[in-house]
Amino acid sequence: MPEFIKCAKKSEIPEDTGKLVEVNDKPIALFKVDGKVHALFAICPHQGGPLDEGGITDGKVMCPWHGWEFDVKTGVCSFNDTIKNTVFKVKEDGDDVYVEA
């Protein structure tokens, strides 16, 4: 059964890129958009690029390898909505961030 696992402090997540954490052996990228934290599988489905290192614009992260963009709230690719990356539920408690995995 999935459970929420504490994985970061909100204050540690940059505004312009992601923060890589590992939850139950899964690489997860945390992003802060409009003050809210979102969690996305950290590996780009295109060719395995590190999404946590991508820049954030208008709630989308751009893979630094080939420029594919994903909405951090939904995981949907910006140019092809049939391509989707896994998103994870997030809970915030003060400065603590929990991800369901």
Side-chain angles (χ1 to χ4, degrees):
M1 178 175 199
E3 64 179 304
F4 283 92
I5 297 171
K6 183 177 173 182
C7 59
K9 298 278 188 189
K10 187 173 181 177
S11 58
E12 299 172 337
I13 303 169
E15 296 286 340
D16 58 346
T17 190
K19 174 175 178 60
L20 180 64
V21 297
E22 193 169 297
V23 178
N24 289 343
D25 298 323
K26 295 177 198 157
I28 296 176
L30 300 177
F31 300 98
K32 195 169 10 178
V33 176
D34 297 328
K36 186 171 164 101
V37 177
H38 303 277
L40 188 67
F41 187 62
I43 298 173
C44 180
H46 174 228
Q47 289 190 349
L51 291 178
D52 58 288
E53 296 177 15
I56 296 283
T57 304
D58 297 326
K60 295 180 180 75
V61 59
M62 180 183 287
C63 179
W65 286 8
H66 299 107
W68 284 33
E69 287 185 321
F70 298 89
D71 185 303
V72 299
K73 296 176 185 175
T74 65
V76 174
C77 182
S78 63
F79 68 85
N80 184 341
D81 62 4
T82 64
I83 299 171
K84 187 175 179 189
N85 202 352
T86 304
V87 294
F88 298 89
K89 292 181 182 177
V90 174
K91 280 188 356 184
E92 298 177 38
D93 183 15
D95 195 38
D96 295 330
V97 176
Y98 299 80
V99 171
E100 185 179 50

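Hydrogens, waters and symmetry mates are skipped; everything else that's a heavy atom, side chains included, is used.
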Check: Can you list the steps and then say if Lys9 with Asp96 is a salt bridge (charged side-chain N to carboxylate O under 4.0 Å, His left out)?
Finding: CA-CA 5 Å; Lys9 298 278 188 189; Asp96 295 330; 2.7 Å; yes

Check residues 20-45 and write down every donor-acceptor pair under 3.5 Å in which the side-chain atom is one partner and the other belongs to a residue at least two apart or another chain.
from  : atom 1 : to     : atom 2 : distance (Å)
Asn24 : ND2    : Ala101 : O      : 3.4
Lys32 : NZ     : Lys10  : O      : 3.1
Lys32 : NZ     : Ile13  : O      : 3.1

Margin query: In the structure I gave you, are the side-chain heavy atoms of Glu3 and Tyr98 within less than 4.5 Å of one another anywhere?
Written below: no

Check: Is it the case that more than 12 heavy atoms not belonging to Asp58 sit under 6.0 Å from its CG atom?
Finding: no

Notebook entry, point to check: When rounded to the nearest 0.5 angstrom, what distance separates CE in Met62 from CG in Leu51?
Noted result: 11.5 Å

Next item on the list: For Thr17 and Asp52, indicate whether the former's side chain and the latter's backbone hold a donor-acceptor pair under 3.5 Å.
Entry: yes

Next item on the list: Supply the atom-to-atom distance Asp81 CG to Thr74 OG1, rounded to the nearest 0.5 angstrom.
Entry: 9.5 Å

Next item on the list: Determine the minimum heavy-atom distance between Phe4 and Lys91, stating which atoms define it.
Entry: CE2-CG, 3.6 Å

Check: Backbone N or O of Phe70 within a donor-acceptor pair of the Ser78 side chain at under 3.5 Å?
Finding: no

Next item on the list: Decide whether Ile56 and Val87 are clustered together by the hydrophobic rule: side chain heavy atoms of Ile, Leu, Val, Met, Phe, Trp, Tyr closer than 4.5 Å, transitively.
Entry: yes

Notebook entry, point to check: CG/Asn85 to CH2/Trp68 distance, rounded to the nearest 0.5 angstrom?
Noted result: 10.5 Å

Next item on the list: Provide the closest heavy-atom pair for Gly49 versus Cys63 in the form atom of the first, atom of the second, distance.
Entry: CA-SG, 3.8 Å

Next item on the list: Applying salt bridge (Lys or Arg N to Asp or Glu O under 4.0 Å), name anything that partners Lys84, two or more places apart in sequence or on another chain.
Entry: none

